[in-house]
Trainee: 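Sharing a structure with you now.
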Amino acid sequence: MARRLKVANPARCIGCYSCMMACARTWYDTISLKNSRIDIQTRGGIETPYTQIVCHACIDPPCMRACPLGALTKRKGGGVNLNKEICDGCGNCIEACLMGAIHLDAEKKAVICKHCGVCPKFCPHDVLEMIEVEDSGEVKITDTGPAPETSPVSSTASHKDLYGGKELGEEK
Amino acid sequence: MTTEQYAIEGLKNILYIDLTNQSYYVEERRDLYEKYLGGVGVAINLMLEEYKEGTGPFDPEMPVILSTGPLSGVYPTCTKAVALFRSPHNGELGESYAGGHLAMSMRYSGYETVVIKGVSQYPVYVAIHDDKVTFRDASSIWHLSSAIDVGKILREIEPGAGRRSIIRIGPAGEKGITYADVNVDTYRHFGRLGLGAVFGAKKLKAVLISGNRELKSPEHNAYRKTVSMLYDTIVKTGLTEKYHNLGTSENILVLNELKGLPTRNLQAAYFEGAETISGELFAEKYLLRRVSCAGCPIGCIHVAMLKRAFSKAHEYEALNISYDFELIYALGSNLGVADPEAVLELIDACEKAGVDIISMGVVLAWATEMQQRGKISTNETMGLELSWGNKAAYLRAIDLVVKAPNEFYSALGKGVEYASQKYGGEDFAIRLGGLEIPGYHTGLGNVLGLSVGARHSHLDSAGYSADQKAFNQPISDEQIVDYIIDEEERRNILNCMVSCLFARNVYTYENVILALKAIGIDRTEEELKELGKDIFRKKYELKRKFGFKFEDLKIPKRFFETPSTTGKIDEERVERAIELYRKKRGV
């Protein structure tokens, strides 16, 4: 079953950058915010909500069409696969993506999300999710049964109930 | 350990900035990073190198040292930067920590440590973008009424959004209020001991640092594994739950139940209005969102939304204000303010002014008691009648302290020790080592910790925690002394990393060793402990140079009059404990 990344609950983002660190750590073997395929941005410092820039796994990806060398091919589940060997860093794909989800790394190769699913594992607030989609990238609509409760469901939101126990506070 | 083995990149540069000549240079000091790791370890050694006998807090040669450590920007919750300076507030060791985006920006800029010296002829701000340093005339943003707005303006002018930190002062720093703070990315601060006034004296309005370098661990797989383990410990166990959930303000009700919450200038340690200024109430009625320091999945920064009507025609303004336990104590219980919206408004006023809220709260509490006792009158206050819970009077007083229109307010701007020496009321000027006290009146451990602590802060050793242990089951005074000594050393080590102390139970010795190892730094527990002791000794060496003497330590009577969590505190008992501490410490 094909899967893709989705920004499910953008307003829950606390700006911890754990997802970006995880992406760079996994795919570039670096400790950085650079070369993360997902980008958490501020718009007005931390006084205003964070913005999550991620690849939207387009069904008909404009970045692929914009690539003059054919380095980008359709990915099962939407979005693209990059053939790094072919990419020459022309940047046309960057222009084509209105989301701003693509950039170049130090070697002038495109940095594009693979929808691998690492970043949601490091999101403490369920901002990011992996969802199942058709191979074409279309979102699957299935019979879900009764509508689920919408009260807090995050496994991290109920820490206190899970772990309980009051301790005298420690410091600020 | 040799330089070759010190494998993770970085941890070699010190950036020296000279404001007098608007120049800078970089020195390689691997020796310091290798021996002292970073953070307070590196900073304290640099301060000893830089300090020239007799240099005052505001003298040009007196440096401000900012430093991060090996774990900064590398592991979750290692989000703090330390600032070392000579405090203009008590003349002693100025040591303060701040989160926000500063540590990560510094680490990724390649300058883990920055030393700022000199005095500019006119207001400036310094922008550091990776390895580029620029000085810009800040005259047009000097005199802005709000420290928050400085960030708004610089964000527009400078690049690096999301990868930078903007630290800046407000009017209090410009005016030399000795407890002016440095605002870090709006919601965090170098709060205590007056770094803001030092910035002001240097005519330094702001420092912006952005960094976007990549680091590589020599042991990448070990590094990945260690990050995952630490992340899970932080996010999926209860160890940091308190900060994640209600935040530090959870302590309002806890301490109140324990009769340890300073109230009305510590005339009591129980506040009858605690319910309405509790963390629970703030969360339910005002909490808008929580945010994080860069690299921390806890998200302990609690931002409240205060919606205020400004006309009868349903016109509203909305203010976003971050709150914490100490702020609610200082501007709530200790001023007899039980109205949560009043607490938020008072916090907001202090944030704009750019002052340490703990000190401001204690100063106002002292002034209120002085006026009630008839020791000062409306002559001194310029007509203002201070009374417990009187928000309007306190809002005006904050403004007047910063503007210092007469001798009295000017004295208030120098802290409660100075003001009480001038106007009397020293017995109820609740400070230790010249620093206004945080929100604990728990017993011997607290008073001892604040007295002997290198910076007289609850963060030196968390003496109140020792009191909690004593409250639950009797322990000897010697055990309390030992607790404080152990805690001081442990914190010295964490402050080299630099981890947030909220995660101190995540970063156990075992985990610190593991985390260091996964980035190529080998340390044993014994070596770390020796480092903690070494830093302690150096802090006291500096304190001595700055003129600190135990003999001068004054403990106001108020501490012994008002019953604490663990009962009335006996003066002689405190003296004996301090003696014991000194003997064990050799200071």
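Residue numbering restarts at 1 for every chain, and letters A, B, ... go by the order of the sequence lines. No experiment lies behind these values; they were computed from the predicted model shown.
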Trainee: Side chain, backbone, both or neither: which part of A:Ser18 has a non-hydrogen atom closer than 4.5 Å to chain B?
Mentor: side chain

Trainee: Checking B:His441 now: which residues fulfil ring pair (Phe, Tyr, Trp, His ring centres under 6.0 Å) with it, not counting sequence neighbours?
Mentor: none

Trainee: Regarding A:Asp105 and A:Lys109, does a basic nitrogen lie under 4.0 Å from an acidic carboxylate oxygen?
Mentor: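 Looking at A:Asp105 and A:Lys109, the cut-off is not met.
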
Trainee: Do you know which of B:Gly299, B:Gly295, B:Ala161 has the most heavy-atom pairs under 4.5 Å to chain A?
Mentor: B:Gly295

Trainee: Chain A heavy atoms under 4.5 Å from B:Arg290: which part of the residue, side chain, backbone, both or neither?
Mentor: both

Trainee: With the threshold set at 4.0 Å, does a side-chain nitrogen-carboxylate oxygen contact exist between B:Glu487 and B:Arg491?
Mentor: yes

Trainee: Can you label the angle between the A:His125 ring and the B:His244 ring as parallel, tilted or perpendicular, going by 30° and 60°?
Mentor: perpendicular

Trainee: So what's closer than 4.5 Å to chain B heavy atoms on A:Thr48: side chain, backbone, both or neither?
Mentor: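 For A:Thr48, the backbone is the part near chain B, not the side chain.
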
Trainee: Classify the angle between the aromatic ring planes of B:Tyr464 and B:His458 as parallel (below 30°), tilted (30 to 60°) or perpendicular (above 60°).
Mentor: tilted

Trainee: Which bit of B:Ile298 is near chain A, if near means a heavy-atom gap under 4.5 Å: side chain, backbone, both or neither?
Mentor: backbone

Trainee: Check this for me: does any side-chain nitrogen of one of A:Glu47 and B:Arg155 sit under 4.0 Å from a carboxylate oxygen of the other?
Mentor: yes

Trainee: Report which part of B:Ser249 has an atom under 4.5 Å of a heavy atom belonging to chain A: side chain, backbone, both, or neither.
Mentor: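 Neither; nothing under 4.5 Å.
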
Trainee: Under 4.5 Å heavy-atom distance to chain A, tell me which part of B:Pro76 shows up: side chain, backbone, both or neither.
Mentor: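 Looking at B:Pro76, nothing touches chain A.
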
Trainee: Considering only heavy atoms, which portion of B:Phe471 lies under 4.5 Å from any heavy atom of chain A: side chain, backbone, both, or neither?
Mentor: neither

Trainee: Give the ring-plane orientation class for B:His220 versus B:Tyr223, where under 30° counts as parallel, over 60° as perpendicular and anything between as tilted.
Mentor: tilted

Trainee: Quick one: of A:Pro49, A:Ala22, A:Ala24, who has the most non-hydrogen atom pairs under 4.5 Å with chain B?
Mentor: A:Pro49

Trainee: With a 4.5 Å cut-off on heavy-atom pairs, point out which of A:Asp29, A:Asn35, A:Thr42 contacts chain B the most.
Mentor: A:Asp29

Trainee: What residues, two or more places apart in sequence or in another chain, satisfy ring pair (Phe, Tyr, Trp, His ring centres under 6.0 Å) together with A:Tyr50?
Mentor: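 Scan of A:Tyr50 (ring pair (Phe, Tyr, Trp, His ring centres under 6.0 Å), adjacent residues dropped) gives none.
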
Trainee: Determine the option with the most heavy-atom pairs under 4.5 angstrom with chain A, choosing from B:Ile148, B:Val74, B:Ile301.
Mentor: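 Greatest number of close heavy-atom pairs with chain A: B:Val74.
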
Trainee: Heavy-atom distance under 4.5 Å to chain A: side chain of B:Arg213, backbone, both or neither?
Mentor: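 It is the backbone, since no side chain atom gets that close.
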
Trainee: Side chain, backbone, both or neither: which part of B:Asn320 has an atom under 4.5 Å from a heavy atom of chain A?
Mentor: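 Just its side chain gets close to chain A.
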
Trainee: Under 6.0 Å from the ring centre and within 45 degrees of the ring axis: does the NZ or CZ of B:Arg163 meet both conditions for the six-membered ring of A:Tyr17?
Mentor: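 Here B:Arg163 passes the 6.0 Å and 45° test against A:Tyr17.
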
